[in-house]
**Student:** 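First the structure, then my questions, so here it is.
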Amino acid sequence: MKRYYFELLDSDYNDLGALISDGSNKQTAINKAKKWMGANGIKSAQLSVNSMITDNILQIIDIEIE
């Protein structure tokens, strides 16, 4: 069951337009975000974890790649 939807955000909380599929596993979403960031030359971003039921932001995860 999909519990979350994810958005990849820049430092000003603007959506970067990354396609990260809905799901229930945050680590899978982080891995997909890192892959997208690498392909698009983004060094740091924030992954917004949102509830599918309430549409609330549940968590913001900072992601940095080398």
Side-chain angles (χ1 to χ4, degrees):
M1 173 182 239
K2 297 177 181 179
R3 293 186 270 176
Y4 310 118
Y5 70 92
F6 305 97
E7 294 176 305
L8 195 59
L9 310 171
D10 66 12
S11 60
D12 293 323
Y13 299 102
N14 296 313
D15 187 2
L16 292 172
L19 179 60
I20 301 172
S21 56
D22 301 339
S24 59
N25 190 322
K26 294 177 190 175
Q27 188 59 52
T28 300
I30 291 169
N31 293 340
K32 288 181 181 180
K34 285 181 178 180
K35 184 175 179 180
W36 186 91
M37 289 168 63
N40 290 280
I42 308 273
K43 298 292 183 191
S44 66
Q46 298 174 326
L47 184 68
S48 173
V49 181
N50 306 283
S51 170
M52 294 282 280
I53 295 171
T54 64
D55 202 32
N56 291 336
I57 295 174
L58 301 175
Q59 185 177 11
I60 299 287
I61 301 169
D62 291 320
I63 301 174
E64 292 191 25
I65 59 172
E66 297 177 12

**Student:** Taking atom CG of L47 and atom CE of M37, what is their separation to the nearest 0.5 Å?
**Tutor:** 9.5 Å
**Student:** Is the backbone N or O of D10 less than 3.5 Å from a side-chain atom of N14, with the two atoms forming a donor-acceptor pair by type?
**Tutor:** no
**Student:** Taking the side chain from N56 and the backbone from L58, do they hold a donor-acceptor pair closer than 3.5 Å?
**Tutor:** no
**Student:** Does one hydrophobic cluster hold both V49 and M52, with members joined at side-chain heavy-atom distances below 4.5 Å?
**Tutor:** no
**Student:** How many angstroms lie between atom CG of L8 and atom CD1 of I61, to the nearest 0.5 angstrom?
**Tutor:** 11.0 Å
**Student:** Taking CD in E64 as the centre, count heavy atoms belonging to other residues, nucleotides or ligands within less than 6.0 Å. Is the count above 12?
**Tutor:** no
**Student:** Step by step, work out the side chain to side chain contact (heavy atoms under 4.5 Å, CB included) result for N31 and K35.
**Tutor:** CA-CA 6 Å; N31 293 340; K35 184 175 179 180; over 6 Å; no
**Student:** Calculate, to the nearest 0.5 Å, the distance between atoms OG1 and CD1 belonging to T54 and I57 respectively.
**Tutor:** 10.5 Å
**Student:** Only one of Y4, F6, Y5 forms a side chain to side chain contact (heavy atoms under 4.5 Å, CB included) with D22, so which one is it?
**Tutor:** Y5
**Student:** About how many Å separate CD of E7 and CG of D15, when rounded to the nearest 0.5 Å?
**Tutor:** 5.0 Å
**Student:** Quick check for you: to the nearest 0.5 Å, what is the distance between I42 atom CD1 and L16 atom CG?
**Tutor:** 5.0 Å
**Student:** Going from NZ on K32 to CG on N25, what distance comes out if it is rounded to the nearest 0.5 angstrom?
**Tutor:** 9.5 Å
**Student:** Quick check: is I60 connected to I63 through a chain of hydrophobic side chains (ILVMFWY, heavy atoms under 4.5 Å apart)?
**Tutor:** no
